[in-house]
*Asks:* 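Structure provided below as structure tokens; questions to follow.
Just so it is clear, the structure is predicted and the values come from calculations on it, not from any experiment.
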Amino acid sequence: RLPEIFFCVYPPAKKESSVHTTVGIATLWAAALASSRTLRRWSLDRYGKAVALRVGVDMRRPPDESDAPFIALFPDAVATGPGRKANEHEVGLLIGLSEEGFENREGVMLMTGTLRLAEVWALVRKTIEQAVPGVSLGDVSAEYHLADYPLVMLDATLTATESLPVGRR
């Protein structure tokens with residue numbers, strides 16, 4: 001007869017919750033966007049190439065029409081400190097598309113670029129809202145830039161709220 005073997009199963013060790021940096025959140029968001037099949041399909045269908053993604057922008061040579069379609073994320077600010085229940089990270093987002101023309105919708109001429117920006121912004125927002133566990137998307141302020149038409153851009157500041165574990169407050 002074989003000896004009985006007893007197995008003791010221990011629960012997995014709890015992984016200590018890590019606190020993210022603003023650069024870290026921007027990088028995780030960019031990685032989520034890079035792996036989004038929906039965003040890739042949208043871009044390939046409309047522009048014949050994938051969206052160029054980057055974290056950071058070289059302000060000596062900001063993105064232009066030849067770089068489109070592009071999405072740039074960059075860290076802006078963070079509010080943190082003792083006694084806070086959450087850190088608030090501000091991340092800049094710049095979406096640029098090269099899109100000429102207007103569409104007639106029920107007698108109203110609409111700039112196609114602004115329609116495409118609205119489409120891609122909805123995809124981007126949905127992706128980043130789910131990208132980092134423990135980090136939620138809060139306030140968003142956005143501006144459209146149309147002066148370099150046919151390059152149209154959405155420039156937004158996103159607030160990412162990261163709840164802190166009790167031991168880190």
Side-chain angles (χ1 to χ4, degrees), residues 19-80 86-163:
V19 176
H20 296 90
T21 65
T22 307
V23 173
I25 290 171
T27 302
L28 290 168
W29 283 354
L33 292 168
S35 65
S36 169
R37 290 183 181 149
T38 305
L39 178 61
R40 182 173 182 76
R41 187 175 39 248
W42 180 89
S43 184
L44 290 172
D45 288 349
R46 283 157 187 78
Y47 300 101
K49 60 182 179 178
V51 172
L53 288 156
R54 60 179 61 137
V55 175
V57 175
D58 181 353
M59 295 311 292
R60 296 170 297 177
R61 192 194 103 39
D64 61 25
E65 186 181 353
S66 68
D67 298 310
F70 62 83
I71 298 174
L73 294 149
F74 42 94
D76 275 345
V78 63
T80 186
N87 289 339
E88 290 187 351
H89 303 267
E90 287 186 5
V91 177
L93 170 76
L94 186 64
I95 302 172
L97 306 174
S98 179
E99 187 76 48
E100 283 203 53
F102 288 78
E103 295 180 20
N104 186 334
R105 293 203 180 166
E106 299 179 21
V108 177
M109 297 303 290
L110 299 171
M111 183 181 276
T112 306
T114 58
L115 297 173
R116 298 296 168 263
L117 281 172
E119 288 174 5
V120 73
W121 167 234
L123 298 176
V124 167
R125 184 175 186 137
K126 184 176 181 181
T127 301
I128 64 176
E129 282 176 336
Q130 303 169 12
V132 184
V135 175
S136 61
L137 184 61
D139 293 340
V140 174
S141 62
E143 296 179 29
Y144 287 86
H145 296 278
L146 309 174
D148 293 325
Y149 179 81
L151 177 65
V152 292
M153 294 185 288
L154 176 80
D155 182 3
T157 301
L158 314 176
T159 302
T161 303
E162 178 181 27
S163 297

*Asks:* When rounded to the nearest 0.5 angstrom, what distance separates CD1 in I71 from CZ in R54?
*Replies:*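 If I round to the nearest 0.5 Å, the distance is 11.0 Å.
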*Asks:* Determine the minimum heavy-atom distance between A68 and L151, stating which atoms define it.
*Replies:*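 Shortest heavy-atom contact: CB-CD1, 4.3 Å.
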*Asks:* Has D139 got more than 12 heavy atoms of other residues, nucleotides or ligands less than 6.0 Å from its CG?
*Replies:*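 Not more than 12 within 6.0 Å, no.
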*Asks:* So, for R125 and G138, which heavy atoms are closest and what is the spacing to 0.1 Å?
*Replies:*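 Nearest pair, atom of R125 first, then G138: NH2-O, 4.3 Å.
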*Asks:* Nearest 0.5 angstrom please: T112 OG1 to F102 CZ, how far?
*Replies:*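 If we round to the nearest 0.5 Å, T112:OG1 and F102:CZ are 7.5 Å apart.
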*Asks:* Are Y144 and W121 near enough that their ring centres are under 6.0 Å apart?
*Replies:*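 No, the ring centres sit 6.0 Å or more apart.
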*Asks:* Under 4.5 Å between any side-chain heavy atoms of L158 and I128, yes or no?
*Replies:*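 Yes, their side chains come closer than 4.5 Å.
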*Asks:* If I compare all heavy atoms of T22 with all of P75, which pair ends up nearest, and what's the gap?
*Replies:*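 Of all heavy-atom pairs spanning T22 and P75, the closest is CG2-CB, 3.6 Å.
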*Asks:* Please report the shortest heavy-atom distance between S43 and P69, naming the atom on each side.
*Replies:*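 That closest heavy-atom pairing would be OG-CG, 3.5 Å.
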*Asks:* If you apply the rule salt bridge (Lys or Arg N to Asp or Glu O under 4.0 Å), what do you find for R40 with D45, and how did you get there?
*Replies:* CA-CA 8 Å; R40 182 173 182 76; D45 288 349; over 6 Å; no
*Asks:* Are the side chains of R61 and D67 in contact, using a 4.5 Å heavy-atom criterion?
*Replies:*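 SC-SC contact between D67 and R61 confirmed.
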*Asks:* Just to verify, which of L94, L33, I25, T27 counts as forming a side chain to side chain contact (heavy atoms under 4.5 Å, CB included) with L73?
*Replies:*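 One option only clears the test, and that one is L33.
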*Asks:* Compare all side-chain heavy atoms of M111 with those of T114 and state whether any distance is below 4.5 angstrom.
*Replies:*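 When only atoms from C-beta onward are counted, T114 and M111 do touch, with a gap below 4.5 Å.
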*Asks:* Under a 4.5 Å cut-off applied to non-hydrogen side-chain atoms, are T159 and V140 in contact?
*Replies:*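 No. Closest side-chain heavy atoms not under 4.5 Å.
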*Asks:* Tell me, do L39 and V120 make a side-chain contact under 4.5 Å, heavy atoms counted?
*Replies:*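 When only atoms from C-beta onward are counted, V120 and L39 do touch, with a gap below 4.5 Å.
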*Asks:* Taking all atoms of both residues into account, what is the closest heavy-atom pair of T127 and L123, and its distance?
*Replies:*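 Heavy atoms of T127 and L123 come nearest at OG1-O, 2.9 Å.
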*Asks:* Tell me whether M59 at atom CE has more than 12 heavy atoms from other residues, nucleotides or ligands lying less than 6.0 Å away.
*Replies:*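 12 or below, so no.
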*Asks:* Decide yes or no for L115 and L117: does some side-chain heavy atom of the first lie under 4.5 Å from some side-chain heavy atom of the second?
*Replies:*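 Side-chain contact under 4.5 Å: no.
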*Asks:* If you measure from OG on S136 to CD on E88, what distance do you get to the nearest 0.5 Å?
*Replies:*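 Those atoms lie 9.0 Å apart.
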*Asks:* Would you say the side chains of T80 and N87 form a donor-acceptor pair under 3.5 Å?
*Replies:*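 Yes, because at least one side-chain N or O of T80 sits under 3.5 Å from a partner of the opposite role on N87.
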*Asks:* What heavy-atom pair brings A26 and V55 nearest, and what distance separates the two atoms?
*Replies:*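 Where A26 meets V55 most closely, the heavy atoms are O-CG2, 3.9 Å.
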*Asks:* So Y47 and E99, do their side chains get closer than 4.5 Å, heavy atoms only?
*Replies:*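 Contact flag for E99/Y47 side chains = yes.
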*Asks:* If you round to the nearest 0.5 Å, how far is CE of M153 from CG of D148?
*Replies:*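 Result: 5.5 Å between the selected atoms.
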*Asks:* Give the intermediate values and the outcome of side chain to side chain contact (heavy atoms under 4.5 Å, CB included) for residues V91 and W29.
*Replies:* CA-CA 10 Å; V91 177; W29 283 354; 3.8 Å; yes
*Asks:* Take R116 and E119 through the salt bridge (Lys or Arg N to Asp or Glu O under 4.0 Å) test and state the conclusion after the steps.
*Replies:* CA-CA 5 Å; R116 298 296 168 263; E119 288 174 5; 3.0 Å; yes
*Asks:* Is there a donor-acceptor contact under 3.5 Å from the side chain of E162 to the main chain of H20?
*Replies:*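 Flag set: sc E162 to bb H20 pair under 3.5 Å.
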*Asks:* Taking atom CZ as the centre, does R37 end up with more than 12 heavy-atom neighbours from other residues, nucleotides or ligands that are less than 6.0 angstrom away?
*Replies:*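 No - once you tally the heavy atoms of other residues, nucleotides and ligands closer than 6.0 Å, there are 12 at most.
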*Asks:* For the CZ atom of F70 and the CG atom of L53, what is their distance to the nearest 0.5 Å?
*Replies:*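 If we round to the nearest 0.5 Å, F70:CZ and L53:CG are 11.5 Å apart.
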